[in-house]
Number of protein chains: 2
Amino acid sequence: MDQVAPAAPPEFSARQNDVLEVALRLLVEGGDKALTTAGIARAANCSKESLYKWFGDRDGLLAAMITYQSSKVRAAAGPGARPGREAFRGLLVTFAEDLLTVLSGDVSLALNRLAIGEAGRTEARLGGLVLKAGRRPIEARARSLLEAGRAAGHLAFTDTGDAYHTLYGLIVRDLHVRLLLGDSPDPAERNVPARAATAIDQFLRLHGADEKNAKGPGGDTGPA
Amino acid sequence: MDQVAPAAPPEFSARQNDVLEVALRLLVEGGDKALTTAGIARAANCSKESLYKWFGDRDGLLAAMITYQSSKVRAAAGPGARPGREAFRGLLVTFAEDLLTVLSGDVSLALNRLAIGEAGRTEARLGGLVLKAGRRPIEARARSLLEAGRAAGHLAFTDTGDAYHTLYGLIVRDLHVRLLLGDSPDPAERNVPARAATAIDQFLRLHGADEKNAKGPGGDTGPA
DNA sequence: CAAGCGGTGTACCGTACGGTACGGTTCCCG
DNA sequence: CGGGAACCGTACCGTACGGTACACCGCTTG
């Protein structure tokens with residue numbers, strides 16, 4: 001199923017990167033309706049023929065935009081050594097801040113809107129691409145962070161994926177969907193550091209292993 | 001007739017409801033690309049002229065679909081009297097199950113995809129309509145539920161909206177966005193009752209007022 | 001210098017959609 | 001019974017988009 005591009009490195013030339021940048025700008029400014037091949041060619045001073053030569057078709061161009069953007073937002077690496085408790089909490093807060101910042105970004109929102117709008121139709125691969133190129137790296141970073149925290153004795157959980165989803169929910173809540181729908185959240189919700197700190201506090205109250213929580217997190221119901 | 005809409009009563013005739021039903025089916029089956037006026041007219045055995053007479057233009061039709069669908073999913077009313085602790089927990093679990101069920105529904109996903117895809121363009125009102133007609137009633141139900149729980153001494157929180165957002169995040173996590181992107185969650189995440197129960201357990205560990213949590217929830221950082 | 005390659009700009013084609021107009025039919029109401 | 005309103009089915013129009021073809025240009029390279 002994923003034999004589409006098994007070993008094709010999605011590396012683009014500088015010229016193509018420029019074109020992708022222009023396309024992203026157009027998408028952010030005008031939505032998917034403004035993202036026409038003619039419009040991109042005009043704004044990027046290139047020919048439509050070059051667009052099709054480079055990216056195949058419109059969907060290939062869209063996919064290239066996603067991979068290009070996600071390559072720019074490569075998540076920072078995980079922790080090297082075993083951090084202390086406060087340092088580990090700081091790592092979690094940093095992750096939360098990064099997550100909120102990325103998800104609130106104009107380009108991220110525009111690309112997610114594009115992929116979501118395209119999903120639901122038969123054979124829409126943009127959604128899967130966003131999932132794979134955009135979200136999986138973030139999840140991988142969080143998972144390694146969580147497991148490092150558990151190994152260092154700061155966290156208690158059984159299923160890493162479950163803990164990650166809980167962390168994600170506490171950080172993001174319904175903010176992402178509301179932003180995708182065009183809502184303008186109140187200023188308190190825009191305060192990324194405060195929101196991140198609160199979310200991590202809550203997460204540590206659920207899965208922290210330091211204080212009295214050591215008895216058992218109780219966060220898992222094993223339905224199988 | 002049972003609920004008096006503030007400004008414009010979005011009441012449609014039975015025939016128009018049938019048309020909206022067909023349109024929703026087309027949208028669910030084929031995505032927004034399959035939702036053409038000609039297609040709706042053909043599938044609903046009506047004329048395009050009637051569509052425009054009834055709904056104005058395509059956007060009016062889309063808006064009618066949203067209000068029609070949300071009117072069908074009117075959230076159940078809140079609790080009447082002061083429930084006991086276990087009964088209140090049951091109310092929370094029921095709310096969580098309803099929320100997960102609604103958000104995972106085909107029609108809800110399709111309409112959210114439509115509105116999200118349309119958002120980002122200048123003057124896109126569908127997103128705001130989904131927010132208003134679809135999410136606000138759910139939030140209102142949750143808020144009244146939360147405040148009833150606090151009044152009954154089962155919950156401790158200062159800001160209702162904040163508590164609601166935490167509850168929402170614990171219940172929904174990133175499931176909604178993943179579904180919107182076309183992801184197929186693993187079967188464990190499809191187990192609505194188990195997920196709801198876990199989420200409510202976690203929420204009560206953060207905001208429950210019964211046991212040792214009575215000392216202080218600590219869930220609020222007041223930045224201002 | 002000449003050949004060739006990659007790229008630009010533009011013109012072009014087919015298609016598909018939103019929206020409108022029109023003839024024919026049904027059904028209600030006076 | 002007759003008039004008219006609502007509506008269906010379809011044909012039609014303008015537009016705009018994806019995708020292709022082509023002529024021209026500049027730069028590299030032998």
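We name chains A, B, ... by the order of the sequence lines, and we start the count at 1 in each one.
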Do any N or O atoms from the side chain of [X] and from the backbone of [Y] form a donor-acceptor pair under 3.5 angstrom?
X	Y	result
B:Thr166	B:Asp162	yes
A:Arg150	A:Phe157	yes
B:Thr67	B:Ala64	yes
B:Arg121	A:Asp32	no

Inset, instruction - Using a cut-off of strictly less than 4.0 Å between a heavy atom of the residue and any atom of DNA chain C, enumerate the qualifying residues of residues 112-127 of chain B by number. - result: none

Inset, instruction - Go through the structure and list residues passing salt bridge (charged side-chain N to carboxylate O under 4.0 Å, His left out) with B:Glu29, not counting sequence neighbours. - result: B:Arg25

Nearest whole angstrom, please: distance from the [atom2] of [N] to the [atom1] of [X].
X	N	atom1	atom2	value
A:Trp54	D:dT20	CH2	P	16 Å
B:Leu51	D:dC8	CG	P	9 Å
B:Phe55	D:dC7	CZ	C1'	14 Å
B:Asp32	C:dA16	CG	C1'	14 Å

Inset, instruction - Write down the atom of A:Leu179, the atom of A:Arg113, and the distance for their closest heavy-atom approach. - result: O-NH2, 2.9 Å

Legend entry - Residues which pass side chain to side chain contact (heavy atoms under 4.5 Å, CB included) with A:Arg89, listed by chain and number, not counting sequence neighbours: A:Glu86, A:Val93, A:Ala197, A:Ile200, A:Asp201, A:Leu204

Inset, instruction - Look at all strands and tell whether A:Arg15 reaches a base, only sugar-phosphate, or nothing, counting heavy atoms closer than 4.0 Å. - result: sugar-phosphate

Inset, instruction - Would you give the length of the straight line joining atom CG of B:Leu181 to atom NZ of A:Lys132, rounded to the nearest 0.5 angstrom? - result: 14.5 Å

Inset, instruction - Determine, for nucleotides 17-22 of chain C in 5'-to-3' order, which nucleotides have protein heavy atoms under 4.0 Å from the base (write B), from only the sugar-phosphate (write S), or from neither (write -). - result: SBBBBB

Inset, instruction - Using a strict 4.0 Å threshold on nitrogen-to-oxygen distance, state whether B:Asp59 and B:Arg125 make a salt bridge. - result: yes

Inset, instruction - Enumerate the residues from residues 17-31 of chain B whose closest heavy atom to DNA chain D is under 4.0 Å, giving them by residue number; use none for an empty result. - result: none

Inset, instruction - For the residue pair A:Arg178 and B:His165, confirm or rule out a side-chain donor-acceptor distance under 3.5 Å. - result: yes

Legend entry - Pairing residues for B:Arg135 by the side chain to side chain donor-acceptor pair (under 3.5 Å) criterion, not counting sequence neighbours: B:Tyr168

